[in-house]
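Below: the structure, in structure tokens.
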Protein chains: 2
Amino acid sequence: MTTEEKIFEAAFRVFQLKGFKGARMQEIADEAGINKAMLHYCFKNKELLFEAVFMNAFGKLAPQINEIFKSQDSIFEKIKKFTDSYISFVMNYPFLPQFIIQEMNNNPEFVTKFLKKENRPDPTKLIHQIENEIKLGILKPINPKQLLIDIFSMTVFPFAAQALLKGMIQVSNEEFMQLMEERKKYIYEQIITSIKK
Amino acid sequence: MTTEEKIFEAAFRVFQLKGFKGARMQEIADEAGINKAMLHYCFKNKELLFEAVFMNAFGKLAPQINEIFKSQDSIFEKIKKFTDSYISFVMNYPFLPQFIIQEMNNNPEFVTKFLKKENRPDPTKLIHQIENEIKLGILKPINPKQLLIDIFSMTVFPFAAQALLKGMIQVSNEEFMQLMEERKKYIYEQIITSIKK
DNA sequence: ATTTGGTTTAACCATTTGGTTAACAAATGT
DNA sequence: ACATTTGTTAACCAAATGGTTAAACCAAAT
């Protein structure tokens, strides 16, 4: 593994855990097992290192989101595939959702920056599809944007609010993960039941 | 307004916007229109000031949550009241949910600390109630914890992930607030449809 | 008028933190 | 063999930051 990779992975871990402001360059260096000057040699400064890490992190999630937006499946199929693949993926990176949401809120300029990327998830197509399936009488007449919010909420929130949730409903990490595993199917069934005509 | 109150409100604003690590004592002092030394005179140090602000913030939300846990209403009634009161309340403090989730994740010791408070929201009663209504055949057989997660997810997530969401589905702040207004009823209807037998 | 108590401030301090420099080592090309 | 580029380190630096101190202010009590 190259030094650059060691730094990157260390930074990924530290930033994810502490956020941009909370992360210390020294800690990243220690975690990577190299000298602090090396950080600035490989990645000019904290901002650039963070940006690399952040964009990479978001890049890991974007495909899961794009899947739901771009594929040719029916709404039902899309929801099933999305919840399943998103939860499966994020169970391996349990802190990713909170990390992204937190930094997006703390640096609103990131939102506009990421929206400019060409692979930006664009929901307009999905919204049209929902409107269409409503017209066809497959779905109940609902606001497509609300449905979209539902899908994200039910899938992403448990991970984003992990600490609070675990504390509140009193579950260990194992039980939590099991709940999330169960949730793959559960979300799909709940949503379908509530929108199918 | 006393100096202490001025400081507290300023700290509330700054911490909410920048988080614990991101907030600067000088900024809070400026925002409060007083000298930095005054902060340390009134609230010994950053941690204590933050703790005061954070516990107060959580205290604002706890009643909304306790309502759903403690009242004598049916599940249906509880969900209706919760979504309505929570969203109404949080529309006046749009950054509160993200603030609390963020700091809970960044300082896991807060979770245990807040769980010790006597007014801690305890969902066991609600879970029993759900199990009971399932037995009575009012609700479909679902995992009560999943239902609880749904309620929180659908209500809290849009606020917690505000920046990302607004960017992704391309809505202005006004449109967002309108969606949230609409959501008070919407969530209730969606959930009821999906769990009513 | 003077003391007394809390309140407020300007100036200061120690530490932390992101970042730099200059020297050194190890490849790499000629 | 030698020069040049690339990788790596220890020591250092300036700015930022949380926190302290000692003096000034000011209202109420004596």
Side-chain angles (χ1 to χ4, degrees), chain A residues 1-57 95 99-100 102-110 113, chain B residues 1-57 95 99-100 102-110 113:
Chain A
M1 188 160 54
T2 77
T3 304
E4 202 164 329
E5 286 168 343
K6 278 193 283 183
I7 292 175
F8 191 89
E9 293 194 7
F12 183 68
R13 269 170 281 158
V14 175
F15 277 134
Q16 205 173 210
L17 219 59
K18 312 253 172 125
F20 177 72
K21 294 276 187 179
R24 298 295 97 136
M25 293 300 264
Q26 187 60 59
E27 196 184 345
I28 296 176
D30 294 347
E31 181 89 11
I34 48 103
N35 189 285
K36 185 162 67 96
M38 211 45 205
L39 296 183
H40 295 88
Y41 178 74
C42 293
F43 300 84
K44 187 148 190 170
N45 58 39
K46 196 182 180 185
E47 261 109 44
L48 286 177
L49 175 55
F50 178 79
E51 212 172 295
V53 166
F54 184 80
M55 284 307 165
N56 174 278
F95 301 110
F99 172 62
I100 288 172
Q102 172 170 325
E103 299 304 329
M104 285 273 189
N105 278 322
N106 289 169
N107 319 341
E109 69 273 15
F110 280 4
K113 189 176 275 179
Chain B
M1 188 160 53
T2 77
T3 305
E4 202 163 330
E5 287 169 341
K6 276 193 285 183
I7 292 176
F8 191 89
E9 293 195 6
F12 183 68
R13 269 170 281 159
V14 175
F15 277 133
Q16 205 173 211
L17 220 58
K18 312 252 171 125
F20 176 72
K21 294 275 186 179
R24 298 294 94 135
M25 293 300 263
Q26 186 59 60
E27 196 185 346
I28 296 175
D30 294 347
E31 182 88 11
I34 48 104
N35 189 286
K36 185 162 65 97
M38 210 46 205
L39 296 184
H40 295 88
Y41 177 75
C42 292
F43 301 83
K44 187 149 190 169
N45 57 38
K46 196 183 179 183
E47 262 108 44
L48 285 177
L49 175 54
F50 178 79
E51 211 171 295
V53 166
F54 184 80
M55 285 305 164
N56 175 277
F95 301 110
F99 171 63
I100 288 173
Q102 171 170 325
E103 300 303 330
M104 286 272 188
N105 277 323
N106 289 169
N107 319 344
E109 70 273 15
F110 280 4
K113 188 177 271 176

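So you know, we letter chains A, B, ... as the sequences are listed, proteins then strands, and number each from 1.
- You'll find the ring centres of B/F99 and B/F95 outside the 6.0 Å limit.
- When each of A/N35 and B/K21 is assigned the nucleotide of DNA chain D bearing its nearest heavy atom, the one mapping closer to the 5' terminus is A/N35.
- Rounded to whole angstrom, the span from the OH atom of A/Y41 across to the P atom of D/dG7 amounts to 4 Å.
- Heavy atoms of B/A29 sit nowhere under 4.0 angstrom from any nucleic acid atom.
- At a threshold of 4.5 Å between non-hydrogen side-chain atoms, the residues B/N106 and A/Q102 count as touching.
- Under the 3.5 Å distance criterion, the side-chain polar atoms of B/K46 are matched with a main-chain donor or acceptor of B/F20.
- A/Q26 has its CD atom 13 Å from the C1' atom of D/dA11, to the nearest Å.
- For the OP1/OP2 pair of C/dT7 and a distance below 4.0 Å, the side-chain nitrogens and oxygens of B/T3 include no atom meeting the criterion.
- If you take CG of B/N45 and P of D/dG19, they are 5 Å apart, rounded to a whole angstrom.
- Distance B/H40 NE2 to C/dT8 C1': 15 Å, rounded to the nearest Å.
- As a whole-Å value, the separation of B/I7 CD1 from D/dG18 C1' is 15 Å.
- Rounded to whole Å, atom C1' of D/dA16 lies 16 Å from atom CE of A/M25.
- In this model, the phosphate group of D/dA16 is not approached by any side-chain N or O of B/R24 to a distance below 4.0 Å at OP1 or OP2.
- Residues B/E9 and B/M1 have side chains in contact (heavy-atom distance under 4.5 Å, counting atoms from C-beta outward).
- Two rings, from A/F15 and A/F50, have their centers less than 6.0 Å apart.
- Counting atom types as modelled, B/K46 pairs no side-chain N or O with a base atom of D/dG19 as donor and acceptor under 3.5 Å.
- Listed nucleotides: C/dG18, D/dG7, C/dT7. Nearest to the side chain of A/M38: D/dG7.
- The separation between A/I34 atom CD1 and D/dT9 atom P is 7 Å, rounded to whole Å.
- Using the Watson-Crick or G-U wobble rule with both distances under 3.5 Å, D/dT30 pairs with C/dA1.
- Of all heavy-atom pairs between B/F43 and B/I7, the closest is CE1-CG2, 3.7 Å.
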(request) Sugar-phosphate means primed atoms, P, OP1 and OP2; the rest is base. With that split, encode nucleotides 22-28 of chain C 5' to 3' as B, S or - using protein heavy atoms under 4.0 Å. (result) -------
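- Within the 4.5 Å cutoff, no side-chain heavy atoms of A/F54 are placed close to those of A/N107.
- Distance CG (B/L39) to P (C/dA10): 13 Å, rounded to an integer number of Å.
- Using the Watson-Crick or G-U wobble rule with both distances under 3.5 Å, D/dA22 pairs with C/dT9.
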